[in-house]
Amino acid sequence: MNRLRRVCPITAISQELVKFDLQKLDQPEIQGVDYQRGELFGFEVKQYLLAKWQHQCAYCGVKDVPLQIEHIVAKSCGGTNRVSNLTLACQKCNQAKGNQPIAKFLKKKPDLLNRILAQAKKPLVDATAVNATRWELYHRLQQIELPVEVGSGGRTKWNRVNRGIDKSHWTDSLCVGATTPEKLIIKNIKPLLISAKGHGTRQRCRPNKFGFPKAHAPSAKYFQGFTTGDIVKAHIPTGKFAGRYTGRIAIRFRPSFVLHTLDKKFDVHPKYLKTIHKADGYEYK
Ligand SMILES: [Zn+2]
């Protein structure tokens, strides 16, 4: 974040901290202002249930069909809207069950009945997303002197779908948090995609699949001033790949490197290359 702040005017941070907002899921009665119309809430519940019940009908196991939210104890029999009383069923099973108590509906399949009841009570463990890394990131972001808001993954998707935006990593990150503007102008915007590539390996002996030494990698990291991961401009005057390119190189210890551009990769002589960004363990596209 600090590195990004050097080049971009960042004024606030929105972090997707949890996959599902479990507190709101578990206590539907304390819905906040955002949940007034109940749409976001319903959306979040559905996403949660899909993950919890592995995107399949709890009764017949069918996949890839529209699934409906199903009350295990029917509302007419005093069942609640809590997620521990909800499951997913296909249209057919949902209708077949109707208002019957689940024990009656599944009286011929006691194993399935027990499995569903146990699964319903079990909170979705990874949904709590007490993914230690995310929390650590959250605490460190708070040490930066910028406003930090957090949102759930359910809200991200709700924001994105409501604005009619297609899914991709960068459009998802645009939609994180409650402060997402109503109108997002994303036409003609190209995101800067950064991925961690590491600094290579220290392993010098390359084994074959049986673990026997096959090759020995040179200990040098540089060749003619270049190292793997450098971002370069290439100006190739002649040949099959004549033209101007920008990309990331992987070096070899002879004057023939591999240049990765956005859409292709090919061999290139270092004399045509000019470094524009030294390797720092990241790839920028
Ligand atoms: Zn079914």
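Quick note: residue numbers are just sequence positions, from 1.
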Can you tell me if [X] uses its side chain to pair, donor with acceptor, with the backbone of [Y] under 3.5 Å?
X	Y	result
R155	V150	no
R252	V258	no
Q119	K52	yes
S14	E149	no
R115	D111	no
K214	K209	no
D172	K167	no
H71	V73	no

Considering all heavy atoms, the nearest [X]-[Y] contact:
X	Y	result
K63	Q54	CE-O, 4.0 Å
V176	Q15	CG1-C, 3.5 Å
F105	C93	CZ-O, 4.1 Å
C175	I165	SG-CD1, 4.3 Å
I72	K97	O-NZ, 3.3 Å
G177	T180	O-OG1, 2.9 Å

Going by side-chain heavy atoms closer than 4.5 Å, which hydrophobic residues are tied to I251, directly or by a chain of links?
->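 I251 clusters with F223, F226, V232, I236, F241, Y245, I249, F253, F257, L259, F266, V268, Y272, L273.
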Is the count of non-hydrogen atoms from other residues, nucleotides or ligands lying under 6.0 Å from [X] atom [atom1] greater than 12?
X	atom1	value
H216	NE2	yes
D166	CG	no
R140	CZ	no
K278	NZ	yes

Solution key, residues 185-203 side-chain donor-acceptor pairs under 3.5 Å, sequence neighbours excluded:
{"unit_1": "S195", "atom_1": "OG", "unit_2": "E283", "atom_2": "OE1", "d": "3.3"}
{"unit_1": "T201", "atom_1": "OG1", "unit_2": "Q203", "atom_2": "N", "d": "2.9"}
{"unit_1": "Q203", "atom_1": "NE2", "unit_2": "C205", "atom_2": "O", "d": "3.4"}

Is D267 salt-bridged to K240, going by a charged N under 4.0 Å from an acidic O?
->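 No.
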What distance do [X] atom [atom1] and [Y] atom [atom2] have between them, rounded to the nearest 0.5 Å?
X	Y	atom1	atom2	result
C57	L88	SG	CG	8.5 Å
T227	K221	OG1	NZ	5.5 Å
L50	L67	CG	CG	6.5 Å

If you group Ile, Leu, Val, Met, Phe, Trp and Tyr by side-chain heavy-atom gaps below 4.5 Å, do V65 and L86 land in one group?
->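 As far as the 4.5 Å side-chain criterion goes, L86 and V65 are connected within one cluster.
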Do [X] and [Y] come within less than 4.5 Å of each other through their side chains, counting heavy atoms only?
X	Y	value
E70	Y59	yes
I69	V45	yes
P207	P213	no
C60	C90	yes
T246	T261	no

Does any donor atom in the side chain of E16 or S152 lie under 3.5 Å from an acceptor atom in the other side chain?
->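 Distance-only check fails for E16 and S152.
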Relative to each other, are the rings of Y284 and Y282 parallel, tilted or perpendicular (30° and 60° limits)?
->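 The arrangement is tilted - the two ring planes meet at 30° to 60°.
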For the pair D230 and R248, evaluate salt bridge (Lys or Arg N to Asp or Glu O under 4.0 Å) and give the outcome as yes or no after the intermediate values.
-> CA-CA 6 Å; D230 284 348; R248 184 176 186 272; over 6 Å; no
